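One structure is given below, encoded as structure tokens.
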Amino acid sequence: MTTAIQTMTIGNRTIGPGHPTYVIGEIGLNHNGSVETAKKLMDVAKEAGADAVKFQKRNPEVSTPAAMRDKRRETPWGEMSYLEYRYKVEFERPQYEEIAKYAEELELDWFASPWDVDSVKFLEDMGAVTHKVASASLYNDDILKALAETGKPIIASTGMSNIEDVDHAVEILGTDNLALLHTSSTYPMPAEEANLKVIPMLAERYGVPVGWSGHEPGLQISVAAVALGAAIVERHITLDRTMWGSDQAASVEPQGFTHLVRDIRVIEKALGTPEKRVQEGEKAKIASLRG
């Protein structure tokens, strides 16, 4: 027996079977603490035809692991502790107000992955349209419970997890207004780690829309994910892969992201329906070739 896959709604977009793939440009921390860079990346997402942009939100004091706080790190702003670096790249209310306003002007959804309960509250206060569970937070019951209590639609990444981990997270989050993203948290990800057949398996198991969060070089695997039923595709975007930052090398530059969205839309048209029938373009050939 085939499980019916439900749909969910984010903003004015319905996500799930029979609806266009929801494409997310993951900005993350690729803005390097600059609102102007963030806006340029939002322009990239809009021009490519994406539906949304995603950031990351932390309270560095709470979410920075104790073992990492005092480690020294070379940054574009000089050598500093890891904790100082986390504050340097973190957007606060004034920056998110600018982002929210600009997203509205561009008619893009915006949201973020909260890495602590404080950040869930912050994003709720800022009016984020949805929330994203980072793979690293899928095990964090406190964050999952805080997100479930918002009543907002939730997108949860499942990297670094086995099926029991996902079962546990889904039990807390519930399946109403939930989407899952299959992913590998290797950066960059080799093709043999994609394991794309997990996408239809997760959809069948939980009855929710399932997508792909890609960290692979190139575009082919993300396009293939759509052919296997991915209702959401998320890719990191960057202005230049040589920019400073841990995610830049596994990100997609503007032209590549434009090509990705274009190819996703082509695949959506090509998938069609499971009905075998004579296509319009074939009808004229019947008389000429069958006699």
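Just so you know, these numbers use all the heavy atoms, side chains as well, and skip hydrogens, waters and symmetry mates. Not measured: the values here are computed from a predicted model.
Put simply, the side chain of E84 gets close to the backbone of S81: a donor and an acceptor are under 3.5 Å apart. The backbone N or O of P209 lies less than 3.5 Å from no partner atom in the side chain of Q6, so there is not a single donor-acceptor pair.
Every ring pair (Phe, Tyr, Trp, His ring centres under 6.0 Å) that H236 has, sequence neighbours left out, goes to Y187, H215. Residues passing the ring pair (Phe, Tyr, Trp, His ring centres under 6.0 Å) test with Y85 are Y82, W244, sequence neighbours excluded.
Here D247 contributes atom CG and I27 contributes atom CD1; the two are 12.5 Å apart, rounded to the nearest 0.5 Å.
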Show which side-chain atoms of residues 179-186 pair as donor or acceptor with protein atoms under 3.5 Å away, not counting sequence neighbours.
unit_1	atom_1	unit_2	atom_2	d
H182	NE2	A194	O	2.7
H182	NE2	N195	O	3.1
T183	OG1	S213	O	2.6
S184	OG	T186	N	3.4
S184	OG	T186	OG1	3.4
S184	OG	E193	OE1	2.9
T186	OG1	E193	OE1	2.5

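Residue pairs satisfying the salt bridge (charged side-chain N to carboxylate O under 4.0 Å, His left out) criterion with at least one member in residues 127-153, sequence neighbours excluded, are listed as follows: E124-K152, K132-E234. Pairs of residues two or more places apart, or lying in two chains, that qualify as ring pair (Phe, Tyr, Trp, His ring centres under 6.0 Å) and include a residue from residues 121-177 are Y96-F122. Listed by first and then second residue, the side chain to side chain donor-acceptor pair (under 3.5 Å) pairs involving residues 251-260 are N30-S251 (not counting sequence neighbours).
Closest of all the heavy-atom pairs between R13 and P20 is NH2-O, 3.0 Å. Of all the heavy atoms in L173 and L147, the pair that sits closest is CD2-CB, 4.5 Å.
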Inset, instruction - Decide yes or no on salt bridge (charged side-chain N to carboxylate O under 4.0 Å, His left out) for E268 and R265, but give the supporting numbers first. - result: CA-CA 5 Å; E268 288 171 347; R265 300 308 177 209; 2.8 Å; yes
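Using a 4.0 Å cut-off between charged nitrogen and carboxylate oxygen, R69 and E61 count as a salt-bridge pair.
Shown are N140, V117, D118, D116; of these, the side chain to side chain contact (heavy atoms under 4.5 Å, CB included) with S63 is made only by D116.
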